[in-house]
**Student:** 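Here it is: the structure, laid out below.
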Amino acid sequence: MIKKIGVLTSGGDSPGMNAAIRAITRSATTQGVEVIGIYNGYKGLLEENFVPLSRSSVSDIMVKGGTMLGSARLPEFKDNEVVKQAAAILRKHDIEALVTIGGDGTYKGALALTSHGINCVGLPGTIDNDIASTDFTIGFDTALNTVIQAIDKLRDTSSSHHRCSVVEVMGNRCGDLAIYAGLSCGAEVIITPENGYDEVEVLNLIKYYEEVKNKKHAIVIISEKITDAEMLANKISKTSGFSGRATVLGHVQRGGSPTAFDRVLATRMGDKAVEVLLQGLGGQCIGIMDNQIVSIDIETALSMPKKSRKHLFKLHERLV
Ligand code: F6P
């Protein structure tokens, strides 16, 4: 039976990571397994930046956003020699297995470490909801609620001033934050990598909502990295009666106390990760599918096609 496991958070942080660290620590220690926290993701692993975790050291962290372990991105972890070095460090510290919390880059690192003899289990921690092997990632719900609160406020002021608010949200080439926020806020236009971007079509739609549907304001939600939100807002000002204003929500979306949904999700997933490691399995990742917590091998997870949101775009079209 395993005696010592490690836990790290890697990539962009997300609200709920702390709840996962707490669940992993408490689930493991209850079963007689020691837990070592690794600071700053794979980077901290290579620097042997470790801290022992106990039931009491993880108390009170569940309500906090961010990650108590810190996070980093380490592109060098793609290099086989670097992974080999990391596995040797873990062996030196008698850390037999690892839970890695992050996005698909983190999963790739977990898979590589497993192939070097250290069983790893990945938890989906990212606000982007861009992991195909889970219906929801830890942090998505909190980020979505942050986005919605901001848009509700923008709606108040844009309706007072006959304005069109262009709101750029994060997503790392996944449109889930945009489409879910668009449905939750009744946005007029939602632009994501999946439904594509046609500037003329967007400008025509805004004119249509103003002139034909007599809307007093409009909200456009656009995923990051598609076009410049400021430029689009200026074009809206020139081609319609609305004055366009751009708001880039940025990193505010990554912070804040996690919602109940994210806390429960992280807690269930953290506990499952320990169960999987104690079964002697590695190269697995945890997901939620149809409200069941499942474990899938990482290779399969990484080859799954992106989730289609066509049905949500159709629903938006019917209701807008
Ligand atoms: O993956 C999370 C995320 O916030 C993405 O939505 C965004 O594209 C990226 O990270 C931003 O990264 P950074 O914090 O390194 O600027």
Side-chain angles (χ1 to χ4, degrees), residues 8-21 39-44 64-78 100-110 122-151 166-182 184 190-195 197 221-230 246-259 261-262 265-266 269 285-287 298 301-302 304 306-307 309:
L8 61 79
T9 48
S10 165
D13 63 348
S14 69
M17 281 182 162
N18 280 327
I21 295 166
Y39 286 117
N40 306 327
Y42 295 118
K43 184 172 172 282
K64 293 191 179 117
T67 159
M68 68 166 282
L69 292 175
S71 191
R73 301 185 200 273
L74 186 73
E76 296 89 321
F77 211 71
K78 287 187 189 119
T100 63
I101 311 170
D104 52 5
T106 308
Y107 279 15
K108 285 179 191 151
L123 289 200
T126 165
I127 64 161
D128 299 328
N129 210 34
D130 59 346
I131 298 183
S133 57
T134 185
D135 291 341
F136 295 105
T137 56
I138 298 165
F140 172 69
D141 185 66
T142 308
L144 178 61
N145 278 284
T146 301
V147 170
I148 289 169
Q149 280 171 21
I151 295 175
V166 177
V167 187
E168 182 189 291
V169 299
M170 281 187 166
N172 190 27
R173 292 180 195 84
C174 173
D176 277 17
L177 273 175
I179 180 73
Y180 276 78
S184 311
I190 305 167
I191 306 163
T192 74
E194 184 182 343
N195 71 348
Y197 175 57
I221 304 183
I222 182 162
S223 295
E224 62 179 353
K225 298 171 189 162
I226 291 183
T227 192
D228 184 68
E230 194 74 51
T247 305
V248 176
L249 290 180
H251 287 84
V252 72
Q253 295 163 95
R254 289 241 294 263
S257 178
T259 58
F261 181 88
D262 276 330
L265 183 67
M269 287 183 166
C285 58
I286 308 301
I298 294 180
L302 292 176
M304 284 178 161
K306 277 190 177 168
K307 294 172 268 196
R309 298 304 184 207

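This is a predicted model, so every value here is computed, not measured. Order of listing sets the numbers, starting from 1, for every ligand and every atom in it.
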**Student:** Which ligand 1 atoms are under 4.0 Å away from a heavy-atom of K225?
**Tutor:**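 Checking each atom against K225, I get 8 (O).
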
**Student:** For atom 3 (C) of ligand 1, what is the nearest protein heavy atom, given as residue, atom name and distance?
**Tutor:**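 Ranked first by proximity to atom 3 (C) of ligand 1 is R254 NH1, 3.4 Å.
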
**Student:** Can you confirm whether the side chains of N145 and T259 place a donor and an acceptor under 3.5 Å from each other?
**Tutor:**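 No, because no side-chain N or O of N145 sits under 3.5 Å from a partner of the opposite role on T259.
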
**Student:** Hey, is R173 close enough to D130 for a salt bridge, meaning N to O under 4.0 Å?
**Tutor:**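 No, R173 and D130 are not salt-bridged.
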
**Student:** Parallel, tilted or perpendicular: which describes the rings of Y180 and F140, with under 30° parallel and over 60° perpendicular?
**Tutor:**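 Ring orientation of Y180 relative to F140: perpendicular.
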
**Student:** Can you tell me if R173 contacts ligand 1 (heavy atom of the residue under 4.0 Å from the ligand)?
**Tutor:**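 Contact absent.
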
**Student:** Short N/O distance, under 3.5 Å, between G171 and ligand 1?
**Tutor:**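 Yes - when backbone and side-chain N and O of G171 are compared with those of ligand 1, one distance drops under 3.5 Å.
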
**Student:** Could you check atom 9 (C) of ligand 1 against the protein and tell me its nearest heavy-atom contact, residue, atom and distance included?
**Tutor:**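 Here the closest protein heavy atom is R73 NH2, 3.7 Å.
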
**Student:** If you count heavy atoms of other groups shown closer than 6.0 angstrom to NZ of K225, is the number above 12?
**Tutor:**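 Correct, the count exceeds 12.
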
**Student:** Quick one: which ligand 1 atoms are inside 4.0 Å of a heavy atom on M170?
**Tutor:**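 With M170 as reference, the close atoms of ligand 1 come out as 4 (O), 6 (O).
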
**Student:** On a heavy-atom basis, I'd like to know which of N172, D128, D13, V169 is closest to atom 1 (O) of ligand 1.
**Tutor:**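 Looking at heavy atoms only, D128 sits closest to atom 1 (O) of ligand 1.
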
**Student:** Is ligand 1 under 4.0 Å from a heavy atom in the side chain of Q253, in the backbone, in both, or in neither?
**Tutor:**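 It is neither part, as no heavy atom is under 4.0 Å.
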
**Student:** Considering only non-hydrogen protein atoms, determine which one is nearest to atom 8 (O) of ligand 1 and report residue, atom name and distance to 0.1 Å.
**Tutor:**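 For this ligand atom, the closest protein heavy atom is E224 OE2, 2.5 Å.
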
**Student:** Could you tell me which atoms of ligand 1, counted from 1 in the order shown, lie closer than 4.0 angstrom to a heavy atom of H251?
**Tutor:**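 Ligand 1 atoms under the 4.0 Å threshold to H251: 13 (P), 14 (O), 16 (O).
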
